[in-house]
Amino acid sequence: MKVAYYSPLPPSRSGIADYSSLLLPALEHHLEVVQAGPGRLRRAPKADVALYHVGNDPEAHGWIVAALGRRPGVVVLHDFVLHHLVAGLTLARGDSRAYLDALERGHGLPGRLLGYAVVDNRIPPLWETRPEEFPLTGEVLRLATGLIVHSRYVEGRARAAGFGGPVWRIAHPAWPAPDVEPAAVEGGPLFGCFGHLNEAKRIPQLLRAFDTLRGRQPEARLLLVGAASRRLQALELPDGVLREDYVDEARLWSLMAACDACIGLRAPTMGETSGSAIRALTLGKPLVVSDLGWFAELPEEVALKVPVDEHETDTLTAALTLLTEDEAARQAMGRAARELAQQEHSLDRVAEQYATALEEAAGGSAARTAVVREVAQAAAEVGLHETGEVARRLDEVGLGG
């Protein structure tokens, strides 16, 4: 079976580009994959099914949404909330009417009126203040013939939004553990927060909790690694916080390997998974995460979960303190993290699940029914004494027994 594969790929800095560069070689062991690209949209690849990776970055995914509009197919919904994507493809390109139309389709006249207020600069942009309330996912769901999601959270939201097609829940694949030398960082314990640093990463809350921890553990260190939003660039960092901007893959693994635990806070959630959290599992690092979305679905054996409430900073401080003082707990969580990465998030397992989903989406069940009919007819022609040959044919197509 041939699959047309639409996704950003390196050198794009998109996390989904990293995801696809990991998945593609494994998927090609099961299916014939034709990679589509933004420069080849006029001639869509000939394939049995099209697979579209959709995320929130308009620069990385705008051409993919355009291709989906021309040919519906299976969508890998990496983010449920696509407000940033829609705003980037409409308002950012001077098409305020298309943005208002999207808001009205998704949220009625009140949505359109709020959109007018955004366009007239009367209220802050909704994608900065309330994107989770206005996900603008409807058009992508309308065009999708099926969905691949990474969490029960996104599956539930898609169903609640009215999507009635098939949904396959497939874990985010884990990277193989690299042979990497941990970066040299003075002090300890060392906590790390990785990826694009924006308001949803709860950085002010993390800094307050870490500053409290430093009062008892003056040698503790916190790594903040990744490009920062404009609002966070001016944030004053307390003592013990080490800052690095965007780093390449080798440096990223080296810094993560040096950490005693990794922090993955996220609120509000757009329904995303975290490539950084998956890398931490691969390395056997305990996680501290927000108790929301995909993060809330992580096993308690690998992650300490922090509710997003009025006690968030205090709970986060307690989690950092536990991981600082209880080495046995930290090591047990690390072993469980590595086991989870090797099993549920195994790359081979994920690729097999993708292949199964795409075969079903392309009509695999109908094809298997046709094979059964063919074998039954052959059995009738040769007689029942040749049932061994019939069994062999059924085994070949996975229908033995």
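Being a predicted model, the structure only gives us computed values, none of them experimental. All values below come from the heavy atoms of this structure, side chains included, with hydrogens, waters and symmetry mates left out.
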Fill in: Test item: D326 side-chain N/O and A329 main-chain N/O as donor-acceptor pair under 3.5 Å
yes

Worksheet entry | Presence of salt bridge, E199 and R230, under 4.0 angstrom | no

Worksheet item: Is it true that R112 and D101 make a salt bridge, defined as a side-chain N closer than 4.0 Å to a carboxylate O?
Response: yes

Practice prompt. Of all the heavy-atom pairs spanning P25 and S21, show the shortest one and how long it is.
Written response: CD-O, 3.3 Å

Practice prompt. Kindly give the heavy-atom pair with the smallest separation between S96 and V119, and that separation in Å.
Written response: CB-CG2, 4.1 Å

Practice prompt. Answer yes or no: is there a donor N or O on one side and an acceptor on the other, between the side chain of N198 and the main chain of A200, under 3.5 Å?
Written response: yes

Worksheet entry | Minimum side-chain heavy-atom gap S14-H61 below 4.5 Å | yes

Worksheet entry | Spacing of CD1 belonging to I263 relative to CG belonging to L287, to within rounding of 0.5 Å | 8.5 Å

Practice prompt. Please report the C-alpha distance between T321 and R216 in whole Å, then the side-chain angles of each, then the deciding distance to 0.1 Å, and finally whether the side chain to side chain donor-acceptor pair (under 3.5 Å) criterion is met.
Written response: CA-CA 9 Å; T321 301; R216 298 190 292 266; 2.9 Å; yes

Fill in: Where I278 and P173 come nearest, the two heavy atoms and their spacing
CG2-O, 3.4 Å

Response to the item:
Correct closest heavy-atom pair for I64 and S7 would be CD1-CA, 3.6 Å

Discussion item. Just so I know, are the side chains of E132 and H83 near enough to count as touching, which here means a heavy-atom distance under 4.5 Å?
Written reply: no

Item to complete: Over all heavy atoms of both residues, which pair between S151 and R169 is shortest? Give the atoms and the distance, please.
Response: C-CD, 3.4 Å

Worksheet item: Checking side chain to side chain contact (heavy atoms under 4.5 Å, CB included) for the pair V167/F163: CA distance, chi angles, key distance, verdict?
Response: CA-CA 9 Å; V167 178; F163 183 75; 3.8 Å; yes

Discussion item. Looking at E128, is its backbone amide N or carbonyl O close enough to the side chain of R130 to form a donor-acceptor pair, meaning the two atoms are under 3.5 Å apart?
Written reply: no

Item to complete: Verify, without hydrogens or angle tests, whether K285 (side chain) and D260 (backbone) share a donor-acceptor contact under 3.5 angstrom.
Response: no

Worksheet, complete the sentence: Distance col, row L358:CG vs Q353:CD, nearest 0.5 angstrom, shows 12.0 Å

Discussion item. Within the structure provided, determine whether L31 and Y5 are in side-chain contact (heavy-atom separation under 4.5 Å).
Written reply: no

Worksheet item: Hey, does F134 have a side-chain heavy atom less than 4.5 Å from the side chain of L114?
Response: yes

Item to complete: Starting from the C-alpha separation in whole Å, work towards a yes-or-no answer on side chain to side chain contact (heavy atoms under 4.5 Å, CB included) for Q35 and L24.
Response: CA-CA 9 Å; Q35 296 179 33; L24 264 172; 3.7 Å; yes

Discussion item. Measuring from atom CG of N56 to atom CG of L85, what distance do you get when rounded to the nearest 0.5 angstrom?
Written reply: 6.0 Å

Worksheet entry | Under 3.5 Å donor-acceptor, D48 side chain and M1 backbone | no

Worksheet item: Does CD in Q233 sit with more than 12 non-hydrogen atoms of other residues, nucleotides or ligands closer than 6.0 Å?
Response: yes

Worksheet item: So, does D120 use its side chain to make a donor-acceptor pair with the main chain of R122 at under 3.5 Å?
Response: no

Practice prompt. In plain terms, say whether R142 and E139 are close enough for a salt bridge, that is, a side-chain N and a carboxylate O under 4.0 Å apart.
Written response: yes

Item to complete: Mind checking the OG1-CD1 spacing from T356 to I170? Nearest 0.5 Å is all I need.
Response: 8.0 Å

Item to complete: Kindly say whether V3 contributes a backbone atom to a donor-acceptor pair with the side chain of E32 at under 3.5 angstrom?
Response: no

Discussion item. Counting C-beta onward and ignoring hydrogens, is there a side-chain heavy-atom pair between R13 and Y246 closer than 4.5 Å?
Written reply: yes

Worksheet item: Does a side-chain heavy-atom distance below 4.5 Å link W175 with D18?
Response: yes

Worksheet item: Is R251 paired with E244 through a side-chain N to carboxylate O contact shorter than 4.0 Å?
Response: yes

Response to the item:
The single option from L222, L223, L197, V225 that satisfies side-chain contact (heavy atoms from CB on, under 4.5 Å) with R243 is L197

Fill in: No-hydrogen, no-angle side-chain donor-acceptor test under 3.5 Å, E272 and T269
yes

Item to complete: Kindly say whether the aromatic ring centers of Y19 and H150 come within a distance under 6.0 Å.
Response: yes

Worksheet item: With a 4.5 Å heavy-atom cut-off, do L323 and V288 have their side chains touching?
Response: yes

Fill in: Pair R202, S290: side-chain N/O donor-acceptor within cut-off below 3.5 Å
no

Fill in: Centroid-centroid under 6.0 Å between H53 and Y6 rings
no

Worksheet entry | V306 backbone acceptor or donor facing D291 side chain under 3.5 Å | no

Worksheet item: CG of L100 to OG1 of T90: how many Å apart, nearest 0.5 Å?
Response: 8.5 Å

Discussion item. Run K305 and E297 through salt bridge (Lys or Arg N to Asp or Glu O under 4.0 Å) and show every step you take.
Written reply: CA-CA 10 Å; K305 300 172 187 178; E297 297 174 22; over 6 Å; no

Discussion item. Looking at A174, is its backbone amide N or carbonyl O close enough to the side chain of T282 to form a donor-acceptor pair, meaning the two atoms are under 3.5 Å apart?
Written reply: no

Worksheet item: Step by step, would you call E249 with R279 a salt bridge (Lys or Arg N to Asp or Glu O under 4.0 Å)?
Response: CA-CA 11 Å; E249 191 78 1; R279 287 179 174 89; 3.1 Å; yes

Practice prompt. Grab the two heavy atoms, one from A144 and one from V75, that are nearest each other, plus how far apart they are.
Written response: CB-CG2, 3.7 Å

Worksheet item: Is T137 reaching over with its side chain to a backbone N or O of F80, donor-acceptor style, under 3.5 angstrom?
Response: yes

Practice prompt. Measure the CG-CG distance between L237 and L224 for me, rounded to the nearest 0.5 Å.
Written response: 6.5 Å

Item to complete: Flag the pair V289 / R266 as yes when at least one side-chain heavy-atom distance between them is below 4.5 Å, and no otherwise.
Response: no

